[in-house]
Novice: 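Below are the structure tokens for one structure; questions will follow.
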Amino acid sequence: MEVAVLKYPAVRNYVAGQFVEDAGARTLEVFCPLTGAVISTVPLSGGAALDQAVQAAQAAFPAWSATPIKERVQIFYRYKVLLERDMQALAELVREENGKTLDEARAEVEKAVELTEFACSMPQLIQGEFLEVSKGVEARVERKPLGVVASIAPFNFPNMVPHWTIPNALVLGNCMILKPSEVVPLSAGRIAELLKEAGLPDGVLNIVHGDREIVEAICDHPGIEAVSFVGSTRIAKVVYRRATSNLKRCVALGGAKNHLMVLPDAHPDMTASNVAASMSGCAGQRCMAGSTMVGVGQVDHIVQKLVEEARKIVPGQSLGSVISREAKERIEGYITEAEQAGARVLLDGRNAVVPGQEDGYYVGPTVVDYVTPDMRIAQEEVFGPVLAILRTNTLDEALAIENANPYGNAAAVFTQSGSMARYVMDHASAGMIGVNIGVPVPREPFSFGGWNESKFGACDITGKSSIEFWTQLKKTTTKWNPESRVNWMS
Ligand code: NAD
């Protein structure tokens, strides 16, 4: 039988600075969602492969954690330059495995650069504390790394989400096991290669590929001190419960249902283009996507402009594909169900076909008006380029809808009234709020993280808050006063 040659060689794990085959592992095909073609395969490793990676990380930890932080960051200064050097190739790889547009893929790598820059500023942020607490007695507090930590990533940002954790955790002295999404496993290998080129010692970053089995093994492994997770709420809960029941630190980011509240005084053009971009960027496969608009009062003029804006978004050009055939079917199912329940489909992206990419998984931009709160499209994360519009008479009704949804990643308000904006800032139940901004991602040094069922665990995953997550405090009290009667309380 003829064996097809795939575009990319079979993906391998990365342990102690080497790509290693996991011969016994189950394997999965990797698809390019733009074309539906199989482009590689990925191993679905288990506990034995994880053991090797943890041993490599443990072996690297003493020397890495003892390296002064000012030396550790030098590697990441070099790495930032390498990311910029390879920006185009990294973006093309993201596009190929994830299906987003090249501009979106580039933006993802640019964000990885910014995350790396932040990690380079770490020496300025983590100075300890020191005080002479009584005569000749000194107390000092230092931040120390945890040891071996793990980072589990989703499919929607194959390059950026690993950079939410790798630069900060490593600069702070930890060694890491990265578990990329098995759906988009290609970018991680390039990240590892570039870090090695920048001078990262072997074993500081290791990669194991896999699915549920390896994630459960990570949560159970006694050699892993902390687990970060980004993915759906259903799995975030599983991971948070399992990792913490094994007495590990855990921060687990989940899904989202972000509400964009649009008031009649909102600037029509700016609001229309912002809302259209928020719902359709990365084909709606963003935890920050504004998937629900709540029109407060008479906003028909804005809805009309919004539909005009959304109509300009063309699948295969300014709109990428969704991740899989199942995702396309699921997304289209939400639209059909809402339509059957009485909602009005103002712009219909079902059955989108891109010439030359007929087997790609495309959903066109979709706007569904007069959605009611009881519909599934209003309640669940659709994760496609679909905007559900609900209508209310008052801002309090809009906020009640926003507050009632179990998620709490982001919320936004579009208005020209400062007091209305302030009211939403005070009353929306979400971790990240936008005022006239549809995708209110906090940029470094501010941290990223939602509320409610969009995040489990005390810390955010990036920015200053992540320092708390990736380190522990060592408190030392010293006495240099030779008088024997003097004790630490003197
Ligand atoms: P997912 O939950 O299916 O997968 C995430 C990770 O969990 C993957 O590495 C996967 O291998 C692993 N996994 C899958 N099933 C598992 C199981 N049964 N047990 C243990 N591990 C399992 O998420 P996804 O589809 O890759 O990503 C999309 C989701 O991620 C969306 O819900 C999106 O909102 C969310 N997301 C959230 C944020 C955020 O910051 N809150 C950011 C990006 C993505």
Side-chain angles (χ1 to χ4, degrees), residues 11 26 28 30 33 42-46 50 97-100 108 111 115 150-165 177-185 187-188 207-220 227-243 250-258 281-292 322-324 326-327 330-331 380-384 405-410 430-432 439-442 447-457 459-463 465-466:
V11 173
R26 295 172 288 134
L28 195 69
V30 180
V42 60
L44 302 176
S45 290
L50 179 65
E97 61 179 336
N98 171 277
K100 60 182 69 176
E108 169 166 353
K111 185 67 193 173
L115 289 154
S151 173
I152 301 165
F155 80 79
N156 60 335
F157 286 93
N159 190 298
M160 182 190 76
V161 167
H163 284 93
W164 277 0
T165 56
I177 314 294
L178 172 68
K179 207 300 279 178
S181 163
E182 67 278 29
V183 185
V184 292
S187 291
I207 302 171
V208 285
H209 293 279
D211 56 6
R212 174 183 180 162
E213 184 184 343
I214 196 84
V215 170
E216 291 179 352
I218 287 170
C219 293
D220 295 345
V227 176
S228 75
F229 171 91
V230 181
S232 61
T233 290
R234 188 172 68 82
I235 310 300
K237 285 181 181 172
V238 170
V239 167
Y240 188 79
R241 288 203 179 101
R242 190 153 177 159
C250 186
V251 63
L253 276 63
K257 190 79 185 163
N258 306 317
C282 297
Q285 299 177 126
R286 286 192 287 197
C287 64
M288 294 297 280
S291 55
T292 314
V322 298
I323 193 67
S324 64
E326 299 75 51
R330 191 197 67 240
I331 295 160
E380 298 176 10
E381 186 177 38
V382 176
F383 228 49
N405 97 89
Y407 298 105
N409 220 37
M432 294 171 277
V439 185
V441 174
S447 64
F448 187 100
W451 285 8
N452 310 327
E453 296 213 341
S454 290
K455 194 195 73 181
F456 306 96
C459 297
D460 283 345
I461 200 164
T462 65
S465 181
S466 75

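First listed ligand is number 1; within each ligand, the first listed atom is number 1. Quick note: numbers below take in every heavy atom, side chains included, and nothing from hydrogens, waters or symmetry partners. Each residue takes its place number in the sequence, starting with 1.
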Novice: Tell me which part of Ala153 gets within contact of ligand 1: side chain, backbone, both or neither, using heavy atoms under 4.0 Å.
Specialist: backbone
Novice: Hey, is Lys455 touching ligand 1 through its side chain, its backbone, both or neither, going by heavy atoms under 4.0 Å?
Specialist: neither
Novice: Can you pull out the closest protein heavy atom to atom 19 (N) of ligand 1? Residue, atom name and distance to 0.1 Å, please.
Specialist: Arg212 CG, 3.4 Å
Novice: Give me the residue, atom name and distance of the protein heavy atom closest to atom 39 (C) of ligand 1.
Specialist: Cys287 SG, 3.2 Å
Novice: If only atom types and distance count, is the side chain of Asn258 paired as donor or acceptor with the main-chain N or O of Cys287 below 3.5 Å?
Specialist: yes
Novice: Mind telling me whether Phe383 and Phe155 have parallel, tilted or perpendicular rings, with 30° and 60° as the class edges?
Specialist: perpendicular
Novice: Could you check if a side-chain atom of Val251 sits within less than 4.5 angstrom of a side-chain atom of Leu253, using non-hydrogen atoms only?
Specialist: yes
Novice: What protein heavy atom sits nearest atom 40 (O) of ligand 1, and how far away is it?
Specialist: Phe448 CE2, 3.0 Å
Novice: In terms of residue, atom name and distance, what is the protein heavy atom nearest to atom 36 (N) of ligand 1?
Specialist: Gly231 O, 3.6 Å
Novice: Identify the protein heavy atom lying closest to atom 7 (O) of ligand 1, giving its residue, its atom name and the separation to 0.1 Å.
Specialist: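 It is Phe229 CE1, 3.3 Å.
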Novice: My understanding is that only residues two or more places apart in sequence, or in another chain, count here; which of them pass side chain to side chain donor-acceptor pair (under 3.5 Å) with Ser447?
Specialist: Asp460
Novice: Tell me, which protein residue and heavy-atom name are nearest atom 23 (O) of ligand 1, and how many Å apart are they?
Specialist: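 Of the protein heavy atoms, Ser232 N, 3.4 Å lies nearest.
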Novice: Just jot down the ligand 1 atoms closer than 4.0 angstrom to any heavy atom of Asn156, in number order.
Specialist: 43 (C), 44 (C)
Novice: Which is it for Ile152 and ligand 1 at heavy atoms under 4.0 Å: side chain, backbone, both or neither?
Specialist: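 Within the 4.0 Å criterion, Ile152 contacts ligand 1 through side-chain atoms alone.
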Novice: Heavy-atom contact under 4.0 Å between Gly450 and ligand 1?
Specialist: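 Gly450: no contact with ligand 1 (<4.0 Å).
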Novice: Provide, to 0.1 Å, the distance between atom 22 (C) of ligand 1 and the closest protein heavy atom, together with that atom's residue and name.
Specialist: Ile235 CG2, 3.4 Å
Novice: If you count the atoms of ligand 1 from 1 in the order shown, which ones are under 4.0 Å from a heavy atom of Glu182?
Specialist: 10 (C), 11 (O)
Novice: Taking atom 33 (C) of ligand 1 as the point of reference, which of Trp164, Phe157, Phe383 owns the nearest heavy atom?
Specialist: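 Looking at heavy atoms only, the winner is Phe383.
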Novice: I need the nearest protein heavy-atom contact for atom 24 (P) of ligand 1: residue, atom name and distance, please.
Specialist: Phe155 CD2, 3.5 Å
Novice: Taking both backbone and side-chain atoms of Gly254, is any N or O found less than 3.5 Å from an N or O belonging to ligand 1?
Specialist: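 The answer is yes, given that Gly254 and ligand 1 share an N or O pair closer than 3.5 Å.
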Novice: Under 4.0 Å from a heavy atom of Val230: which atoms of ligand 1 are those, numbered in the order shown and with their elements?
Specialist: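 Heavy-atom distances to Val230 below 4.0 Å select 5 (C), 37 (C), 38 (C), 42 (C), 43 (C), 44 (C).
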Novice: I'd like to check the side chain to side chain donor-acceptor pair (under 3.5 Å) partners of Glu108; sequence neighbours left out, ordered by chain and number.
Specialist: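 With neighbours one apart ignored, the set is Lys100.
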Novice: Taking side chain as C-beta onward, heavy atoms only, is Ser466 less than 4.5 Å from Ile461?
Specialist: no
Novice: Measure the shortest side-chain to side-chain distance between Ile218 and Leu50 over non-hydrogen atoms and say whether it is less than 4.5 angstrom.
Specialist: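 Yes; the side chains approach each other to less than 4.5 Å.
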Novice: Is there a donor-acceptor contact under 3.5 Å linking the side chains of Glu381 and Ser291?
Specialist: no
Novice: Pick, from Glu216, Glu381, Arg234, Lys179, the option with the minimum heavy-atom distance to atom 32 (O) of ligand 1.
Specialist: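 Selected option, by shortest heavy-atom distance: Glu381.
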Novice: Can you confirm whether some protein heavy atom lies under 4.0 Å from atom 27 (O) of ligand 1, or whether none does?
Specialist: yes
